[in-house]
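Accompanying notes for the structure given below.
Just follow the structure's listing: the first ligand is 1, and inside any ligand the first atom is 1. Since the model is a prediction, treat every value here as computed from it, not as a measurement.
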Amino acid sequence: MEIHYWNRKVETADPSERAQSRLADLRATIDRALGTDFYARRLGEAGISSGDDIKSLDDLKRIPYTTKDDLRSAYPYGLLAVELDDVVRVHVSSGTTGVPTVIYHSAEDIDNWTELAARSVTATGADRRDVFQNMMTYGLFTGGLGLHYGAERVGMMVIPSSSGNTQRQIKLLRDFRTTVLHATPSYLLHLHARLAEGGVTPKDLALTKAFVGAEPHSENTRLKLEAMFEIDVYNSYGLSEMNGPGVAFECVYKNGMHVWEDAYIMEVIDEKTGRPVAEGEEGELVFTTLKRRATPLLRYRTRDLSFVYDSPCRCGRTHRRIGRIKGRTDDMLIINGVNIYPSQIEEAIMQLPEIGNNYQIVVEKSGALDRLTVKAEVHAGIFSDDARDMNALRRKVIENLRSSIVITPVVEFHEAGFLPVQEGKAQRVFDMREEDTA
Ligand code: ADP
Ligand code: ZN
């Protein structure tokens, strides 16, 4: 396989060479952080008054974790480390729970982020000849703008179509011979259904790749998308607190996402004890920014669960890989005492070719017990209103779920297009028990 690098030197550097610059960058980051109200207090409490107090990368452990709540408490300026005049952009999180969080970027920050995004898309083999249709939402959400700049830097023709308006997306896809898509996996499933309705097949399009991210999805969903569109699908991970897309990306081998370790220090911790997990074990990802000027973050707890591969990648990049994100620690459902992540349910149902493009997970109280209902769309031609026709498939779904999550769900089948579709991140889980107790 042909391997393309955007920045071969940095991407393939020996990790021991990188250690020196990482330590220097960490010290500089701490010095900048000390300029913020929040970290002046936090680091002061930990007895750190200068970057020089950090003698080795291992000393990072002296620094307390930073949480989403910390970011909220520092809103709006408590984490700003440069003069406001030097800020060229802010991204503000949706703040569904009330107080939003904000990340500031200086011109240099945007430049560094763009570099990471350029590296990321190049790792998949995409290049300046590509036509890149960016179906992620542009705006306060980082998904749109993040890869936009990276793709431009690589020299692709970028179509900033943003999310939604599926008919227009399809027109753009056809008229401009789009070769690379960027979208949430749930939106691509929806897009495929609309294409199929209009009689458009992969042969009518010029697509070769898609980058998918922003929400958990299973390997089965990737395979499904690859088969539907006859393309390669690459996993892309990022979060606004660490810029957005371009934190970790799959290369042509599609086997875990390379984390750009010259820009971030990654740790994996036990989400309950806060201690590092053993190598290769699953845990919560924690990141420290090494390059960011305007909003340095130290040991930020993402709540995202993943694990680190221990083997080097055949592509030659020396930046470690993480596995597919299982979900967020706060996505975990406890159903009749059993801990379940929605991604486990997705994995179990998306294995079945009869299952269509959309599903929902509903949890309710049923007397003293919890009841799990899985609502899944079924492909046209297979769906029948007569429950008896669907019984064989129902048994397969129940068997798959029972063997993976040890719970027997209620299974409801629906016609394709029945369940609602979100433009951005899909809402899959409806936990009605919370409303019952509210
Ligand atoms: P919000 O926190 O409001 O969802 P973000 O845009 O910062 O806004 O979302 C980042 C989060 O999205 C990550 O922390 C992670 O939970 C999820 N995410 C991003 N990329 C992926 C991916 N490739 N796979 C699974 N989850 C992802
Ligand atoms: Zn690789």
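Residue contacts with ligand 1 do not include Ser93, since none of its heavy atoms lies under 4.0 Å from the ligand.
For ligand 1, the atoms sitting less than 4.0 Å from at least one non-hydrogen atom of Asn235 are 22 (C), 23 (N), numbered in the order shown with element in parentheses. Within the listing of ligand 1, atoms 23 (N) sit less than 4.0 angstrom from a heavy atom of Gly213. Less than 4.0 angstrom separates some heavy atom of Ser240 from each of these atoms of ligand 1: 5 (P), 6 (O), 7 (O), 8 (O). The distance from ligand 1 to the heavy atoms of Gly238 drops below 4.0 Å at these ligand atoms: 10 (C), 13 (C), 19 (C), 20 (N). The atoms of ligand 1 that sit less than 4.0 Å from any heavy atom of Ser236 are 20 (N), 21 (C), 22 (C), 23 (N). Of all the atoms in ligand 1, the ones that sit under 4.0 Å from a non-hydrogen atom of Phe141 are 6 (O).
Contact annotation: for Lys425 versus ligand 1, heavy atoms closer than 4.0 Å belong to the side chain alone.
Here the side chain of Glu412 pairs no donor or acceptor atom with the backbone of Val374 at under 3.5 angstrom. The main-chain N or O of Ala13 is found under 3.5 Å from a side-chain atom of Thr318 such that the two form a donor-acceptor pair. A donor-acceptor distance shorter than 3.5 angstrom exists from the side chain of Glu377 to the backbone of Phe418, with no hydrogens or angles considered. Using modelled atom types, one side-chain atom of Thr179 and one backbone atom of Val131 make a donor-acceptor pair closer than 3.5 Å.
Annotation: Ala214 places an N or O atom under 3.5 Å from an N or O atom of ligand 1; distance criterion only. By the 3.5 Å distance cut-off applied to N or O atoms, Arg328 is counted among the residues near ligand 1. Checking only distances, Asp304 does come within under 3.5 Å of ligand 1, N or O to N or O.
Side-chain contact of Asn134 with His148: a donor-acceptor pair under 3.5 Å is absent, judged by distance alone.
Of the charged side-chain nitrogens involved, none lies within less than 4.0 Å of a carboxylate oxygen, so that Lys272 and Asp270 do not count as a salt-bridged pair.
With Glu267 as the fixed residue, the salt bridge (Lys or Arg N to Asp or Glu O under 4.0 Å) test singles out one of Arg320, Arg301, Arg299, Arg275: Arg299.
Nearest heavy-atom pair, Ala33 versus Tyr39, reported as atom, atom and distance to 0.1 Å: O-CB, 3.2 Å.
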